[in-house]
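Worksheet: the structure to be examined is printed underneath.
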Amino acid sequence: MADKQELKSIFLKLNDESDTIALAEQLAPLLCGTDPRLPDAVPGGRIHLRGDLGTGKTSFARAFLRAAGIRGRIKSPSYALLESYKLSNLYFYHLDFYRFRDPREWLDAGFREILQKEAVVLIEWPEQAGNSLPPPDLEISLEYADIGRNVRLAAHSNRGLSWLITLAPSLQKYLAEDNPGAAW
Ligand SMILES: Nc1ncnc2c1ncn2[C@@H]1O[C@H](COP(=O)(O)OP(=O)(O)OP(=O)(O)O)[C@@H](O)[C@H]1O
Ligand SMILES: [Mg+2]
């Protein structure tokens, strides 16, 4: 359901992991500030990844980080809670709150300052952090479908909206059939 901060949402059908990877590869340059389609974009931004176990949150994050230029092993943060990277002065934080039971843990762990920086932040299981997280620029919700995944992209900020508008032409082939949000 749309909340009052949601500016726009579109629905996609991603048939297999290569489609999830393609979506990540489309988004990464926008947050890195290297996409020629959005030349004035300031690097940084926050994405929340929602969906049941195994729906593809880490697949997306890994492909995103790879497309951003991170080399070497990209670990899932399911145990460490946080994996961080730095690439030409831009910080990348990949978080997974699945194991969080008490939102105070988040405050105690000092992660809050991560949100204050101009960084790229990807958060799996944001709902586990309770109300302590501000809304993201973009929320990606993944759901199991008969084949592949039904995916919803929801912009919660003007920055997220600019990403969706920029991406729209490249996402045409993934658009779900019943897609009220896709009318621009
Ligand atoms: N669009 C897709 N259609 C079908 N399978 C997909 C799709 N995208 C990713 N997958 C597959 O789904 C699985 C996703 O695993 P992944 O670890 O990314 O899930 P997760 O959402 O991070 O789970 P967890 O909540 O446990 O962290 C992988 O096996 C991947 O190949
Ligand atoms: Mg995961």
Side-chain angles (χ1 to χ4, degrees), residues 1 9-32 45-85 91-103 105-106 109 111 114-115 119-133 135-156 160 163-164 167-179 181-182:
M1 204 203 288
S9 61
I10 56 174
F11 294 84
L12 306 178
K13 180 71 200 300
L14 303 181
N15 287 324
D16 56 28
E17 190 180 21
S18 67
D19 287 355
T20 302
I21 292 171
L23 174 64
E25 290 174 344
Q26 286 289 332
L27 267 164
L30 290 168
L31 280 83
C32 293
R46 290 187 297 103
I47 296 179
H48 284 184
L49 294 160
R50 300 175 75 115
D52 288 343
L53 287 169
T55 44
K57 301 177 294 297
T58 301
S59 301
F60 172 89
R62 202 172 260 140
F64 179 103
L65 293 166
R66 192 63 82 205
I70 310 293
R71 304 273 161 258
R73 180 143 181 254
I74 297 175
K75 286 194 264 177
S76 168
S78 19
Y79 291 95
L81 297 177
L82 168 69
E83 296 291 340
S84 56
Y85 310 87
Y91 284 92
F92 295 79
Y93 298 107
H94 179 192
L95 298 117
D96 183 335
F97 286 136
Y98 184 65
R99 278 155 211 285
F100 259 39
R101 291 293 172 268
D102 181 349
E105 270 185 81
W106 154 264
F111 288 149
I114 285 172
L115 300 176
V120 174
V121 183
L122 308 175
I123 304 182
E124 298 184 41
W125 292 102
E127 59 271 44
Q128 293 290 104
N131 294 324
S132 53
L133 288 176
D137 297 301
L138 182 70
E139 180 179 82
I140 302 181
S141 307
L142 302 123
E143 260 181 25
Y144 287 105
D146 289 343
I147 298 169
R149 307 286 184 263
N150 293 325
V151 178
R152 178 165 169 274
L153 306 181
H156 290 258
W163 300 338
L164 280 192
L167 283 184
S170 346
L171 296 180
Q172 289 299 323
K173 72 172 185 169
Y174 303 114
L175 287 181
E177 277 166 30
D178 180 17
N179 207 341

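Order of appearance sets the numbers: ligands from 1, and atoms from 1 within every ligand.
A side-chain donor-acceptor contact under 3.5 Å links Arg66 to the backbone of Gly72.
Between Ser78 and ligand 1 there is no heavy-atom distance shorter than 4.0 Å. Remark: distances from the non-hydrogen atoms of Asp19 to ligand 1 are all 4.0 Å or more. In this structure, Asn15 is part of the shell of residues with a heavy atom less than 4.0 angstrom from ligand 1. Heavy atoms of Phe60 come nearer than 4.0 angstrom to ligand 1 in no pair at all.
Salt-bridge check for Arg152 with Glu139: passed, with a basic side-chain N closer than 4.0 Å to an acidic carboxylate O.
A donor atom on one side chain and an acceptor atom on the other are found under 3.5 Å apart for Glu124 and His94.
Looking only at protein heavy atoms, the nearest one to atom 23 (O) of ligand 1 is Gly54 N, 2.9 Å. Protein heavy atom nearest atom 6 (C) of ligand 1, with residue, atom name and distance: Arg149 NH2, 3.5 Å. Protein heavy atom at the shortest distance from atom 25 (O) of ligand 1 is Lys57 NZ, 2.8 Å. The closest protein non-hydrogen atom to atom 26 (O) of ligand 1 is Leu53 CD2, 3.3 Å. Atom 7 (C) of ligand 1 has its closest protein heavy atom at Thr20 OG1, 3.5 Å.
Checking atom 29 (O) of ligand 1 against the protein gives no heavy-atom contact under 4.0 Å.
Under 4.0 angstrom from ligand 1, there are no non-hydrogen atoms of Ile147. The proximity of Arg62 to ligand 1, defined as any non-hydrogen pair under 4.0 Å, does not occur for either the backbone or the side chain.
A parallel orientation is assigned to the rings of Tyr91 and Tyr93, their planes being inclined by less than 30° (bins at 30° and 60°).
For ligand 1, the atoms lying closer than 4.0 Å to a non-hydrogen atom of Glu124 are 22 (O), 27 (O). Distances below 4.0 Å separate heavy atoms of Trp125 from the following atoms of ligand 1: 25 (O). Ligand-side atoms of ligand 1 in range of Leu14: 1 (N), 2 (C), 3 (N), range being under 4.0 angstrom from any heavy atom. In summary, the atoms of ligand 1 found under 4.0 Å from a heavy atom of Thr58, numbered by their order in the structure, are 17 (O), 18 (O), 20 (P), 22 (O), 27 (O).
For the pair Pro135 and Arg46, the tightest heavy-atom approach, listed with the atom from each and the gap, is O-NH2, 2.8 Å. Contact between Leu27 and Phe64 at its shortest, heavy atoms only, is C-CE1, 3.9 Å.
Closest approach between the Mg ion (ligand 2) and any N/O/S atom of Glu124 involves OE1.
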So Glu143 and Arg149, salt bridge (Lys or Arg N to Asp or Glu O under 4.0 Å) or not? Walk me through it. CA-CA 5 Å; Glu143 260 181 25; Arg149 307 286 184 263; over 6 Å; no
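When the shell of 6.0 Å around OH of Tyr98 is examined, it contains 12 or fewer heavy atoms from other residues, nucleotides or ligands.
Where the criterion is an N or O separation shorter than 3.5 Å, residue side chain and backbone included, Gly148 fails it with respect to ligand 1.
Of the listed options Leu12, Asp96, Asp16, Asp16 places a heavy atom closest to atom 2 (C) of ligand 1.
In this structure, the ring of Phe97 has its center no less than 6.0 angstrom from the ring center of Trp125.
Distance check: Leu82 CG to Leu95 CG gives 5.0 Å after rounding to the nearest 0.5 Å. Taken to the nearest 0.5 Å, the CG atom of Asp19 stands 9.5 Å off from the CG atom of Leu12. Note that OG of Ser59 and CG of Leu23 are 11.5 Å apart. Values are rounded to the nearest 0.5 Å.
The Mg ion (ligand 2) does not have Ser76 among its coordinating residues (no N/O/S atom, backbone or side chain, under 2.8 Å).
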